[in-house]
Structure formats: C-alpha cells, structure tokens
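Predicted, not measured: the structure shown is a model, and the values here were computed from it. Letters go in sequence order (proteins before strands), and every chain restarts at 1.
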Number of protein chains: 2
Amino acid sequence: MTDFTSHLTGPLPPAHPQGFAVAKRISASTIRRLSFYLRSLERLRARGATTVSSEQLAEDGGTTGAQVRKDLSQFGSFGKRGTGYDVGALSEHLRGILGLHRRWRVLLVGAGRIGAALFEYPNFSQRGYDCVAIVDNDPDKVGRRWGTIPIQSADRMECIIEAEDIDLVILAVPGEVAQSVAERAVSAGALGLMNFAPTQLRRPATDVPVAEVNLVMELEALSFAIMRGGRPA
Amino acid sequence: MTDFTSHLTGPLPPAHPQGFAVAKRISASTIRRLSFYLRSLERLRARGATTVSSEQLAEDGGTTGAQVRKDLSQFGSFGKRGTGYDVGALSEHLRGILGLHRRWRVLLVGAGRIGAALFEYPNFSQRGYDCVAIVDNDPDKVGRRWGTIPIQSADRMECIIEAEDIDLVILAVPGEVAQSVAERAVSAGALGLMNFAPTQLRRPATDVPVAEVNLVMELEALSFAIMRGGRPA
DNA sequence: TCCTGTGAAACGGTTCACAGCC
DNA sequence: GGCTGTGAACCGTTTCACAGGA
C-alpha cells in the first residue's frame with residue numbers, strides 16, 4: 001500500500017519558552033492515524049463494543065497492531081495488558097488529543113461553490129467546527145444570508161476575525177488572491193488556515209499551521225499512480 | 001515545517017509482468033513535489049523565464065535545491081550543469097511524468113453540494129480531467145442537466161463506466177455508501193478513485209489507487225497542530 | 001565559476017521482538 | 001495465555017558534500 005503524503009504544513013517544533021521538557025515531535029502520519037482510530041472507535045462504540053485490541057483497531061485502517069500501540073504510546077498508556085483498550089475511554093483521550101473537547105470558530109472566506117459545499121458539510125459542525133462568519137468580495141453576494149449567517153464584505157475580514165474571535169480561516173478563494181488573504185488573516189489573529197486554492201501558500205511571517213487541500217495535486221498523483229503499475233486496463 | 005501526510009493510497013509496487021527492470025519506486029512525497037514544481041515552472045514561464053536553477057525551483061515550495069535535484073534525477077537528467085533547467089522542457093517532462101499528456105475521463109458520483117463544487121472547479125478541465133458523466137440516486141435530480149451533462153441514475157453507473165470509457169471516479173457521496181459505490185466502480189473498470197466521503201475506503205479486491213480527501217481529518221490535524229506549539233494566542 | 005547529478009551520511013518513521021502486567 | 005508498551009533493528013527519505021560537465 002502506497003501512502004501519498006500531503007498537506008498540512010505546520011509550525012516549527014514547539015520550542016517551549018520556558019525550559020520545559022520539549023514535547024516530543026509527533027509525526028503527521030501519526031495524527032492522521034489517530035483521527036482514523038477515533039472514527040473506528042466511534043463505530044465500535046455504536047455497535048456496543050466496550051473493549052478493543054490494537055490489532056482490531058489496526059484492522060480496517062490498513063495498519064498494524066504495533067503501529068497503533070506506538071502511536072498511542074506517544075501520548076500515554078491507555079490500554080490494559082491482556083485486555084486491550086476501553087473503547088469509551090480511548091475515544092475520549094483521542095478527542096482530547098485532537099482538540100475536539102472544545103469547539104472551534106471558523107470564518108469562511110469565499111462564498112462560491114466550494115464555500116457553499118463546505119458551509120453545508122455536516123461533518124464539520126458535528127466535529128466541533130462552527131462556521132460563524134462568511135465573507136466574499138462580490139458585492140452581489142454581500143448581504144445575502146446562508147442560513148442565519150450573513151455574507152459580509154471581504155474588507156471587513158480583519159475586524160470580523162477579531163470581533164468574532166475566529167480560530168480557523170477556510171480559504172475558498174481563487175489562487176491569485178489566496179496568498180494575500182492568508183497573510184491578512186494571520187495578521188488579524190487566525191490560528192490556523194485551511195486552503196482550497198490550488199496554490200501552495202508561502203508561509204506568512206507569523207507561522208501558523210496550514211492545511212493544504214490541493215485537489216489538482218491529488219488528481220495528478222492519481223494519474224501518476226495509474227500510469228505506473230496501476231491496473232493494466 | 002511540518003508536513004502532514006495523507007491520502008493517496010495506491011497500488012502495490014509496479015511488478016512488471018515481463019521481467020523488465022522493475023521501475024524504481026517513487027515516493028508519494030516526490031510526486032506531490034513534482035506537481036508543485038510544475039506549477040512553479042508554469043508561473044515562471046508566464047513571467048518569461050527560460051531557465052531555472054534547482055535552488056530557485058525549491059524556493060517557494062518550502063524545499064531545498066538538493067531535494068529538487070534528487071526528485072528529478074529519479075526520472076532522468078533534465079538539467080545542464082552550470083546553467084540549470086530549461087523551463088519549457090522541464091515543464092513538458094513533468095507533464096509527461098504526471099500523466100498530463102492525455103485527457104482523463106471522469107465520472108462524478110453524487111450531485112450534491114460537493115459534487116457541484118467539483119463539477120464547476122475550473123482547474124480540473126484545465127489540467128486534462130473532464131467530467132463526462134454524473135450519476136446520483138436521488139430521483140429528483142436524475143434527468144436534470146449541469147451544463148450539457150445529464151444527471152443519470154446511479155443504477156446505471158457500471159454501464160456508464162463501460163460505455164463512456166471512464167478512467168476516474170469521484171465519490172462525492174455520503175460515507176455510508178462510499179464503500180459499496182467504490183467497489184462497484186472498480187469492478188466496472190474504473191482505474192482510480194477520488195473519495196470525498198469521510199470514510200477511509202477499505203481496499204477493494206481489485207487494487208486501484210485511491211486519493212482520499214478527508215476534510216474532517218484535515219481539520220483535526222489542524223486543531224492538533226494549533227494546540228501543540230501553535231501560536232500561543 | 002556555476003550548477004547539476006549522485007554516492008554516502010544522517011534522520012525519522014515503521015516493524016520487530018520481547019519483557020512486563022493483567 | 002493474551003495483549004500492551006517499548007527499546008532495538010530496519011528501511012526509506014532527506015540532507016550533505018563533492019565530482020564532473022557546461
């Protein structure tokens with residue numbers, strides 16, 4: 001199984017201001033897998049399972065028991081030898097690690113098709129990500145509402161980020177403006193960005209994590225994979 | 001710079017049927033970078049540059065000259081010592097490597113919000129990915145048209161894949177049905193899948209590459225990164 | 001001199017194997 | 001006996017450093 005890599009370009013190592021033991025660097029792949037384990041656990045819980053072994057958790061994630069144990073061991077000892085992990089307790093631990101014990105306030109920049117799709121995406125609010133504001137630079141769109149949320153002028157972005165206490169900014173804008181919107185968002189105090197423009201952002205001076213969702217790159221990797229060694233036909 | 005990984009789970013190593021020298025395995029990160037270099041080259045070309053050094057190419061991609069040279073050297077020797085790479089020639093090489101010298105026929109499964117956003121996404125057809133058919137299982141949608149493309153019944157998927165000679169299938173469907181749609185698409189002859197459902201697909205028996213675009217996972221990785229070592233506030 | 005192409009070293013993530021606890 | 005937690009071995013990727021051609 002090949003695993004093509006991506007996307008989330010994050011901040012430099014934690015470098016704690018005080019001389020505390022610097023938290024061990026956690027690899028990107030570990031985080032993705034944690035997110036996956038959490039989903040598996042939730043399915044298990046729904047089915048009434050109360051306990052699960054590392055091997056079972058690995059099962060439909062395409063990984064191994066050893067990997068699951070290594071991943072989890074970076075955050076603590078959550079299992080019982082001879083028994084496995086408690087489904088409910090482990091879920092809660094993972095939710096805490098992934099930051100799902102709080103809700104996140106999201107600003108959507110760009111009220112086009114992609115913006116609309118994301119705004120309606122039910123999994124976001126289920127998981128604690130609330131779109132609390134929308135901006136667009138098209139005067140025809142400004143003033144309309146999506147549900148209860150008004151579309152405001154993109155000029156007001158900085159002020160909205162501060163007033164609404166925005167954590168995350170989703171960039172659903174054309175590639176040409178993505179970089180400048182990103183920089184404005186970061187200076188106004190955004191803690192993280194998710195970029196759908198097909199332009200990889202150059203890191204703004206203030207280093208915040210950026211999740212790059214580059215659909216074209218994804219398709220190119222797909223056609224590459226098909227051409228070499230993919231199904232002969 | 002952290003680089004969170006993802007997404008494209010591909011076929012097993014090439015294993016050429018004849019006993020040819022098996023093509024060297026190319027890492028997923030290399031492919032992503034190639035895709036990125038291509039975009040940089042196109043910008044350079046638009047600006048009239050005719051030659052570029054590995055260091056310059058690395059510049060706004062957050063990587064190094066050495067990495068660029070290693071990546072490219074896996075496919076051949078495209079540069080001139082003392083000079084650098086010819087912008088036009090290297091672009092063409094990369095386009096060939098990434099499979100952009102042909103067009104790809106795409107079936108969109110799911111005519112909801114996400115489907116609509118992808119259908120309209122201009123970068124797809126610019127890059128050679130043509131959405132030539134749409135299916136949905138909602139009878140209200142079947143029969144409508146998006147541009148010139150009619151939305152057909154999801155029952156007809158297999159038959160469309162064969163008749164329309166579909167290469168890639170984009171799954172913009174709810175998580176619960178993603179797995180079964182994926183399996184049907186693969187048995188009908190799809191060469192690759194792109195999955196937007198927040199469910200990681202278990203590999204169907206017939207192994208085809210799958211690009212997983214898991215937006216929730218992306219957000220979770222983002223909030224994780226913010227919580228550790230992200231901006232203090 | 002400048003910049004590529006590439007072996008060799010360094011690094012980091014995954015797998016292995018087993019000691020330790022239930 | 002079963003399963004976790006973890007040091008050690010392994011392996012792939014990135015970085016280094018330099019030989020060699022324009």
Side-chain angles (χ1 to χ4, degrees), chain A residues 1-6 8-10 12-13 22-34 36-37 41 49-59 61-87 89-90 93-94, chain B residues 1-6 9-10 12-14 22-34 36-37 41 44 49-59 61-87 89-90 93-94 221:
Chain A
M1 179 162 86
T2 329
D3 192 356
F4 287 64
T5 76
S6 84
L8 213 168
T9 48
L12 303 170
V22 165
K24 174 175 30 227
R25 277 206 38 55
I26 304 294
S27 86
S29 8
T30 297
I31 300 166
R32 312 199 133 264
R33 283 190 299 264
L34 294 183
F36 183 80
Y37 303 152
L41 286 166
T50 128
T51 260
V52 66
S53 75
S54 58
E55 207 59 58
Q56 289 171 274
L57 251 188
E59 200 95 323
T63 183
T64 67
Q67 181 73 75
V68 172
R69 297 197 299 278
K70 251 283 149 51
D71 286 339
L72 297 177
S73 75
Q74 301 191 67
F75 299 93
S77 295
F78 307 124
K80 278 204 200 13
R81 298 172 193 229
T83 311
Y85 300 89
D86 179 89
V87 171
L90 185 55
H93 278 300
L94 291 182
Chain B
M1 177 162 90
T2 329
D3 191 357
F4 286 65
T5 75
S6 83
T9 49
L12 305 169
V22 165
K24 174 173 33 230
R25 274 201 50 48
I26 304 296
S27 85
S29 10
T30 297
I31 299 168
R32 313 200 132 265
R33 284 189 302 262
L34 294 183
F36 182 80
Y37 303 152
L41 285 166
L44 286 165
T50 129
T51 261
V52 66
S53 74
S54 58
E55 208 59 57
Q56 288 171 275
L57 252 188
E59 200 95 320
T63 183
T64 67
Q67 181 73 78
V68 172
R69 296 197 298 278
K70 253 278 152 47
D71 286 340
L72 296 178
S73 76
Q74 301 192 65
F75 298 93
S77 296
F78 306 125
K80 279 204 202 8
R81 296 171 193 227
T83 312
Y85 300 88
D86 179 87
V87 171
L90 185 56
H93 278 301
L94 291 181

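- Comparing Ala66(A) and Ala66(B) by the nucleotide of DNA chain D that holds the closest heavy atom to each, the one mapping nearer the 5' end is Ala66(A).
- Minimum heavy-atom separation, Ala58(A) to Thr64(A): CB-C, 3.3 Å.
- With distances taken from any side-chain atom of Ser73(B) to the nucleotides dA19(C), dT14(C), dG5(C), the minimum falls on dG5(C).
- A side-chain donor from one of Ser53(A) and Gln56(A) sits under 3.5 Å from a side-chain acceptor of the other.
- Closest approach to the Ser53(B) side chain among dT4(C), dG20(C), dT14(C) is made by dT4(C) (side chain taken as heavy atoms from C-beta onward).
- For the pair Arg33(A) CZ and dT15(C) C1', the interatomic distance rounds to 12 Å; values are reported in whole Å.
- A nucleotide of DNA chain D counts as in contact with chain B when one of its atoms lies under 4.0 Å from a heavy atom; the first and last such, 5' to 3', are dT13(D) to dA22(D).
- For the pair Arg69(A) CZ and dG13(C) C1', the computed distance is 16 Å after rounding to whole Å.
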Kindly list each side-chain donor-acceptor pair under 3.5 angstrom involving residues 76-86 of chain A, sequence neighbours excluded, with atom names and distances?
unit_1	atom_1	unit_2	atom_2	d
Asp86(A)	OD2	Gly88(A)	N	3.1
Asp86(A)	OD2	Ala89(A)	N	2.7

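- In this structure, Leu90(A) and Tyr37(A) have side chains that are not in contact, with every pair of non-hydrogen atoms separated by 4.5 Å or more.
- As rounded to whole Å, 18 Å separates atom C1' of dC21(C) from atom CZ of Phe78(A).
- Regarding contacts with the backbone of dT15(C), a side-chain N or O of Gln67(A) is found under 4.0 angstrom from either OP1 or OP2.
- Nucleotide dG12(C) holds its C1' atom 10 Å from the CZ atom of Arg25(A), rounded to whole Å.
- Of the residues near DNA chain C, Lys80(A) and Gly76(B), the one whose nearest nucleotide (by heavy atom distance) lies more toward the 5' end is Gly76(B).
- Leu41(B) places a side-chain heavy atom less than 4.5 Å from the side chain of Val87(B).
- Contact check for Leu94(A) versus Leu72(A): side-chain heavy atoms found under the 4.5 Å cut-off.
- The side chain to side chain donor-acceptor pair (under 3.5 Å) check on Glu59(A) picks up nothing, with sequence neighbours excluded.
- Protein atom CD1 of Ile26(A) is 15 Å distant from nucleotide atom C1' of dT14(C), rounded to whole Å.
- For Glu55(A) and dT15(C), the CD to P distance is 12 Å, given to the nearest whole Å.
- When the nucleotides dG7(C), dT14(C), dT4(C) are ranked by their closest atom to the side chain of Lys70(B), dG7(C) comes out on top.
- The distance from atom CG of Leu72(A) to atom P of dT14(C) is 13 Å, rounded to the nearest whole Å.
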